[in-house]
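Here the structure is laid out as structure tokens; the discussion comes afterwards.
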Amino acid sequence: MTPSWLSLALDSLWPMIYAGLTFTIPLTLITFALGLTLGFIVALIRLYGPKPLVVVVRFYVWLIRGTPLLVQLFLIFYALPSIGITLEAFTSAVIGFTLNVGAYTSEVIRAALNSVPKGQWEASHSIGMSWWQSLRRIVLPQAARVSIPPLSNTFISLVKDTSLASVITVPEMFLAAQRIAAVTYQPLILYTEAAILYLLLSSLLSALQTRMENKFSQQYAKNSNNKETNNDSAL
């Protein structure tokens, strides 16, 4: 005879997985893509933009990084209707997470771009490249290698942070666990099961992150060796 707790865990497994596939994962992918794009634009403005825009984006980063994500979600979903702006729960979550991810990734990207020696810019300009060509062909490939680990960590953190969307009624994985727990009165089993699912997903992403970092390291080492070989041949 199957223990009651095991039967409950098995019965609730698919509803939580389904919620993860239909809301948690899409919310993570959409907001990370949008947030990364926003972060890239903000980083470029902070490094190379006109001063008025620099002031605006610095204020944005300061504001988002200085306030809790949960408060930001509450402001968007629960507070904006008081001034006539009503958004659906999923839309509110996308906006909130995008703004949050954009602020944090902008700092990562800015630091990665700053890590590229200025001589790379000068060398590319000396051979006739435009600013955009220098950025795309010379600077970004080098900055990408530096930014991958922290950006991957941001992505993994975002997967776990999507559980906060449950407070604004987005039916993602944790809210599914809450609803089942409210009916079965077994919060320990349901919340433990949800934690295990988040742990498995995070572990999978961590393994992919390690593989990606190793691939980029090998590629960088290969390119470095090729440059040394070419220099030796030239001598």
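Of the inter-residue distances, the one linking R136 atom CZ with M129 atom CE reads 9.0 Å to the nearest 0.5 angstrom. Interatomic distance, T24 OG1 to M173 CE, rounded to the nearest 0.5 Å: 5.0 Å. Interatomic distance, I109 CD1 to L151 CG, rounded to the nearest 0.5 Å: 5.5 Å. We find the CG-CD distance between L113 and Q142 to be 10.5 Å, quoted to the nearest 0.5 Å. Summarising the geometry, atom CD belonging to E193 is positioned 7.5 Å from atom CD1 belonging to I180; distances are rounded to the nearest 0.5 Å. Remark: N100 CG to I64 CD1 distance equals 6.5 Å, nearest 0.5 Å.
The ring-ring contact (aromatic ring centres under 6.0 Å, His included) pairs that include a residue from residues 29-48 are F32-F155, Y48-W121, Y48-W131, where partners are two or more places apart or lie in different chains. Legend: ring-ring contact (aromatic ring centres under 6.0 Å, His included) pairs involving residues 86-111, not counting sequence neighbours: none detected. Evaluation of the ring-ring contact (aromatic ring centres under 6.0 Å, His included) test over residues 194-214, restricted to residues two or more places apart or in two chains, returns none.
The main-chain N or O of V42 is never found under 3.5 Å from a side-chain atom of S106 such that the two would form a donor-acceptor pair. Checked by atom type and distance alone, the side chain of S7 never pairs as donor or acceptor with a backbone atom of S4 at under 3.5 Å. One N or O on the side chain of Y60 and one on the backbone of A103 form a donor-acceptor pair closer than 3.5 Å. A donor-acceptor pair under 3.5 Å links the side-chain atoms of S126 to the main chain of A123, judged by distance alone.
For F59, the ring-ring contact (aromatic ring centres under 6.0 Å, His included) partners are W62, not counting sequence neighbours. Applying the side-chain contact (heavy atoms from CB on, under 4.5 Å) rule to W5 yields the partners P3, I189; only residues at least two apart in sequence or on another chain are considered. Scored by the ring-ring contact (aromatic ring centres under 6.0 Å, His included) test, W14 finds Y18 as partners (sequence neighbours excluded).
Across every non-hydrogen atom of A89 and V170, the tightest pair is O-CG2, 3.5 Å. Pairing each heavy atom of E172 with each of S163, the nearest pair is OE1-CA, 3.5 Å. The nearest pair of heavy atoms linking I76 to P81 is O-CD, 4.3 Å. Here the shortest heavy-atom pairing between A143 and V116 reads N-CG2, 4.0 Å. Taking both residues in full, the closest heavy atoms of Y78 and T169 are given as OH-CG2, 4.3 Å, listed atom of the first, atom of the second, then distance. Contact record, A33 with T37: O-OG1, 2.9 Å, taken as the closest heavy-atom pair.
Put simply, L36 and V146 are part of two different groups of oily side chains (I, L, V, M, F, W, Y) that touch within less than 4.5 Å, one to the next. Both L53 and L38 are part of a single hydrophobic cluster, where members link through side-chain heavy atoms under 4.5 Å apart. By the criterion of side-chain heavy atoms lying less than 4.5 angstrom apart, applied directly or through intervening Ile, Leu, Val, Met, Phe, Trp or Tyr residues, V167 is grouped together with V159 in one hydrophobic cluster. Under the 4.5 Å side-chain contact rule for hydrophobic residues, L27 and L201 share a cluster. L197 and L6 fall within a single hydrophobic cluster, where Ile, Leu, Val, Met, Phe, Trp and Tyr side chains are chained together by heavy-atom contacts under 4.5 Å.
Remark: Q120 CD is packed, more than 12 non-hydrogen atoms of other residues, nucleotides or ligands lying under 6.0 Å away.
Under the 4.5 Å side-chain criterion, counting only non-hydrogen atoms from C-beta, R179 is in contact with P171. Side-chain contact between R58 and V61 is absent, with no heavy atoms from C-beta onward closer than 4.5 Å.
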As a quick check of understanding, evaluate side-chain contact (heavy atoms from CB on, under 4.5 Å) for L44 and L135, giving each step before the final call. CA-CA 10 Å; L44 290 183; L135 178 68; 4.0 Å; yes
Given the rule in the side-chain contact (heavy atoms from CB on, under 4.5 Å) test, do L99 and Q72 qualify, once you have shown the distances and angles that lead to the verdict? CA-CA 9 Å; L99 292 175; Q72 296 164 16; 5.5 Å; no
Take L190 and L8 through the side-chain contact (heavy atoms from CB on, under 4.5 Å) test and state the conclusion after the steps. CA-CA 8 Å; L190 274 304; L8 174 60; 3.5 Å; yes
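A donor and an acceptor atom, one from each side chain of S124 and Q133, are nowhere located under 3.5 Å apart.
With L158 as the partner, the side chain to side chain contact (heavy atoms under 4.5 Å, CB included) test is satisfied by one option alone out of T31, L29, L69: T31.
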